[in-house]
Colleague: 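There's a structure below that I have some questions on.
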Amino acid sequence: CLAFSLRGALRRVDKDNSAFHNCLQSVKFLIIDGGLVAVGLLPFAAFQFFCYLRFCNEEYVFPAKVPEFCNGFGSQLPYQYIQSNNWNVGFLRYFEIKQLPNFVLAAPVLYTLGQQNFPRLLRYVILTQ
């Protein structure tokens with residue numbers, strides 16, 4: 001989001017205005033878009049904070065088994081801990097032999113999407129440089 005915003009801010013540069021005015025306009029758009037990104041991340045951060053408050057204190061329901069994410073703020077996110085321990089979800093954990101039929105079923109859709117979108121992506125990358 002911020003890269004797209006920066007690109008848009010740089011495109012708004014007007015050659016008739018002073019460099020200071022152009023810089024001020026670009027900074028204004030970056031602050032606005034940065035604020036929008038922060039607002040978008042706020043619910044995620046609130047959930048993480050709620051989990052730390054709820055499960056990482058002395059009144060935890062199961063004091064013998066304190067979750068690993070309580071060891072240090074930022075070592076492991078609570079949602080990541082829940083996914084890995086309860087659902088066996090994690091980075092590249094889904095790619096198992098038993099999931100091969102699902103990949104075979106998804107192959108035509110992935111091929112069609114790639115065939116339609118890859119040339120447009122290349123054109124976008126080449127034209128924006």
Side-chain angles (χ1 to χ4, degrees):
C1 293
L2 290 177
F4 184 76
S5 171
L6 178 62
R7 184 172 167 233
L10 291 176
R11 284 188 172 184
R12 291 183 187 103
V13 171
D14 188 9
K15 294 176 183 169
D16 296 336
N17 292 334
S18 68
F20 177 75
H21 179 73
N22 287 333
C23 183
L24 194 61
Q25 286 292 99
S26 296
V27 168
K28 180 181 86 169
F29 285 113
L30 286 176
I31 289 173
I32 290 170
D33 289 342
L36 291 174
V37 169
V39 167
L41 292 175
L42 191 62
F44 175 76
F47 175 74
Q48 304 308 316
F49 186 67
F50 167 77
C51 288
Y52 281 106
L53 289 178
R54 176 91 167 114
F55 298 114
C56 297
N57 58 19
E58 293 82 24
E59 299 174 12
Y60 182 67
V61 178
F62 305 105
K65 189 177 186 237
V66 176
E68 293 174 14
F69 62 83
C70 293
N71 293 338
F73 191 77
S75 62
Q76 187 179 27
L77 295 174
Y79 191 70
Q80 182 183 13
Y81 173 78
I82 292 168
Q83 282 185 321
S84 65
N85 285 1
N86 298 343
W87 303 328
N88 195 26
V89 174
F91 182 67
L92 297 180
R93 284 194 192 171
Y94 186 75
F95 298 100
E96 298 174 351
I97 296 296
K98 68 179 183 179
Q99 297 296 342
L100 190 59
N102 293 334
F103 294 117
V104 170
L105 285 172
V109 173
L110 294 175
Y111 174 75
T112 305
L113 288 173
Q115 186 181 18
Q116 294 297 315
N117 292 323
F118 191 69
R120 288 187 179 97
L121 179 66
L122 283 178
R123 206 171 345 148
Y124 177 77
V125 169
I126 291 171
L127 290 177
T128 57
Q129 289 181 353

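Source: prediction; values computed, not measured.
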Colleague: What's the spacing between R54 CZ and F49 CZ if we round to 0.5 Å?
Modeller: 14.5 Å

Colleague: Taking ring-ring contact (aromatic ring centres under 6.0 Å, His included) as the definition, give me every residue that meets it alongside F91, ordered by chain and number, with sequence neighbours left out.
Modeller: none

Colleague: From Y79 OH over to C51 SG, what is the distance, rounded to the nearest 0.5 angstrom?
Modeller: 10.5 Å

Colleague: Run the ring-centre check on F103 versus F95 and record whether the distance is less than 6.0 Å.
Modeller: yes

Colleague: Give me the atom names and distance for the closest heavy-atom approach of P119 to G114.
Modeller: CD-O, 4.0 Å

Colleague: CD of Q48 to CG of L41: how many Å apart, nearest 0.5 Å?
Modeller: 11.0 Å

Colleague: What I'd like to find out is whether the side chain of R93 reaches to under 4.5 Å of the side chain of S84, using heavy atoms alone.
Modeller: yes

Colleague: Using a 4.5 Å cut-off between side-chain heavy atoms of Ile, Leu, Val, Met, Phe, Trp and Tyr, which other residues end up in the same hydrophobic cluster as F118?
Modeller: L122

Colleague: Heavy atoms only: give me the nearest V39-P43 pair and the separation to one decimal.
Modeller: O-CD, 3.5 Å

Colleague: Indicate if W87 and F47 have the same hydrophobic cluster label, given that clusters are the connected sets of ILVMFWY residues with side-chain heavy-atom separations under 4.5 angstrom.
Modeller: yes

Colleague: Using side chain to side chain donor-acceptor pair (under 3.5 Å) as the criterion, list what pairs up with Q99, not counting sequence neighbours.
Modeller: Y94, N102

Colleague: If you round to the nearest 0.5 Å, how far is CG of L100 from CG of L105?
Modeller: 10.0 Å

